[in-house]
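Only one structure is covered here, and it is reproduced in the block below.
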Amino acid sequence: MKKPEKRLIVGNWKMNPQSASEAKKIAKTARQAAAGLSKSTVVICPPFVFLTGASSRSEAPNFHLGAQSLSFHESGAHTGEVSAGMLKDLGAEYAIIGHSETRQAGDTDENVSKRLRMALDAGLKPILCVGEKVRDDSGSQFDFLREQIKGSLAGTSNNDAKDLILAYEPVWAIGAKEPMKPEDIREMAIFVKKVFSDIFGGDSGLKVPVLYGGAVNFRNAADIIQVGQVDGLLVGRESVSISGFAELLKAVDEA
Ligand code: PGA
């Protein structure tokens with residue numbers, strides 16, 4: 001696999017922090033850390049309510065905002081929902097779609113594919129999360145992943161391939177102590193790219209950025225990038241740690 005020139009580091013804040021002032025502080029540190037990087041693009045995905053406060057007029061050019069999810073409806077009578085258009089208007093450029101925590105809460109591949117369509121139509125770059133719940137010796141994870149990727153991409157066409165980003169996140173590694181072994185990450189990233197090629201054809205699989213997520217921190221990030229040969233990282237807990245995320249960004253940029 002070709003070594004990526006640009007690395008994409010995405011911080012998924014989940015339902016953190018609990019105050020707007022703390023959110024501003026975390027965003028500011030990430031923005032300042034991003035400004036010092038030479039080969040990485042940084043995206044932070046705060047809760048919807050903190051998106052406005054996380055942006056700034058003096059953005060580093062490699063620093064961007066993303067959403068953690070979005071509605072599969074465009075507008076109208078959908079209480080509690082937030083549309084892709086609203087997020088774009090607030091300054092979001094990326095959107096995490098199909099995170100395992102939203103899938104766990106009932107999101108189906110079909111709904112994920114509709115959300116993906118909404119993101120693409122609004123001009124947001126979707127980061128599609130996929131990953132198996134368990135791994136076993138029979139290799140059931142490969143069949144599961146293939147079906148999940150196909151189902152989640154059901155609403156896309158060949159034209160969309162260039163705008164997609166995949167995040168491979170084995171569910172068992174999310175929130176865990178240790179990430180997947182970098183050698184295994186490498187194997188799975190190749191598999192994900194192969195499935196992508198099977199769907200969109202040509203060299204689409206070589207071009208699609210594949211991120212890894214699950215228990216990434218400032219200590220293991222560089223190794224995951226180098227040995228795992230992924231194009232970037234999707235970071236949960238460490239992305240809301242003020243010093244941890246800045247250190248992680250530096251480590252990845254120097255890897
Ligand atoms: P974690 O979460 O880094 O806290 O394991 C990753 C994710 O859910 O994207």
Side-chain angles (χ1 to χ4, degrees), residues 7-18 22-23 26-27 29-30 33 40-48 50 54 64-70 92 94-107 112 115-116 119 124-135 141 144-145 148-149 152 164-182 184-185 188-189 192 209-225 228 230-252 255:
R7 281 137 195 209
L8 179 61
I9 316 298
V10 182
N12 174 11
W13 292 11
K14 308 192 180 183
M15 206 166 71
N16 300 297
Q18 298 309 306
E22 185 69 6
I26 299 170
T29 317
S40 310
T41 297
V42 179
V43 179
I44 57 163
C45 302
F48 297 142
F50 297 146
H64 307 275
L65 289 180
Q68 295 177 17
S69 184
L70 46 79
Y94 292 77
I96 295 172
I97 309 278
H99 188 276
S100 70
E101 284 154 15
T102 57
R103 290 181 187 267
Q104 185 68 30
D107 215 13
V112 167
R115 293 183 208 281
L116 199 73
L124 295 169
K125 296 188 185 86
I127 301 163
L128 172 65
C129 299
V130 295
E132 76 280 3
K133 291 197 191 101
V134 287
R135 271 166 89 73
Q141 60 270 21
F144 177 87
L145 257 184
Q148 194 184 45
I149 295 170
S152 306
L164 296 169
I165 297 161
L166 297 177
Y168 168 64
E169 297 203 296
V171 177
W172 50 269
I174 294 176
K177 256 191 167 158
E178 299 291 335
M180 182 181 232
K181 284 200 213 86
D184 293 341
I185 292 173
M188 297 311 285
V192 164
V210 174
L211 318 181
Y212 166 79
V216 179
N217 60 35
F218 77 90
R219 288 190 190 85
N220 59 33
D223 210 30
I224 293 173
I225 288 282
V230 280
D231 304 295
L233 302 168
L234 180 50
V235 185
R237 284 159 292 172
E238 195 79 308
S239 72
V240 282
S241 150
I242 291 198
S243 61
F245 196 55
E247 279 199 55
L248 181 151
L249 293 177
K250 200 160 164 278
V252 169

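These figures come from a predicted structure and were not determined experimentally. Remember, it's 1-based here, ligands and their atoms both numbered in the order they're listed.
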Between K125 and V43, is there a side-chain heavy-atom distance shorter than 4.5 Å?
no
What is the distance from atom CD1 of I9 to atom CD1 of I44, rounded to the nearest 0.5 Å?
14.0 Å
Which heavy-atom pair separates V112 from G98 by the least distance, and what is that distance?
CG2-CA, 3.8 Å
CH2 of W13 to CD1 of I96, rounded to nearest 0.5 Å, is 12.0 Å
Ignoring hydrogens, what is the shortest heavy-atom contact between P209 and D231? Give both atom names and the distance.
CA-OD2, 3.4 Å
Contact table, ligand 1 N/O with protein N/O, distance under 3.5 Å:
| residue | atom | partner | partner atom | Å |
| --- | --- | --- | --- | --- |
| ligand 1 | 2 (O) | K14 | NZ | 3.3 |
| ligand 1 | 3 (O) | G236 | N | 2.9 |
| ligand 1 | 4 (O) | R237 | N | 2.9 |
| ligand 1 | 4 (O) | R237 | NE | 2.7 |
| ligand 1 | 5 (O) | G175 | N | 2.7 |
| ligand 1 | 5 (O) | A215 | N | 2.8 |
| ligand 1 | 5 (O) | R237 | NH2 | 2.9 |
| ligand 1 | 8 (O) | K14 | NZ | 2.7 |
| ligand 1 | 8 (O) | H99 | NE2 | 2.7 |
| ligand 1 | 9 (O) | H99 | NE2 | 3.3 |
| ligand 1 | 9 (O) | E169 | OE1 | 3.4 |
| ligand 1 | 9 (O) | E169 | OE2 | 2.6 |

Output all residues satisfying salt bridge (Lys or Arg N to Asp or Glu O under 4.0 Å) with K250, sequence neighbours left out; order by chain, then residue number.
E254
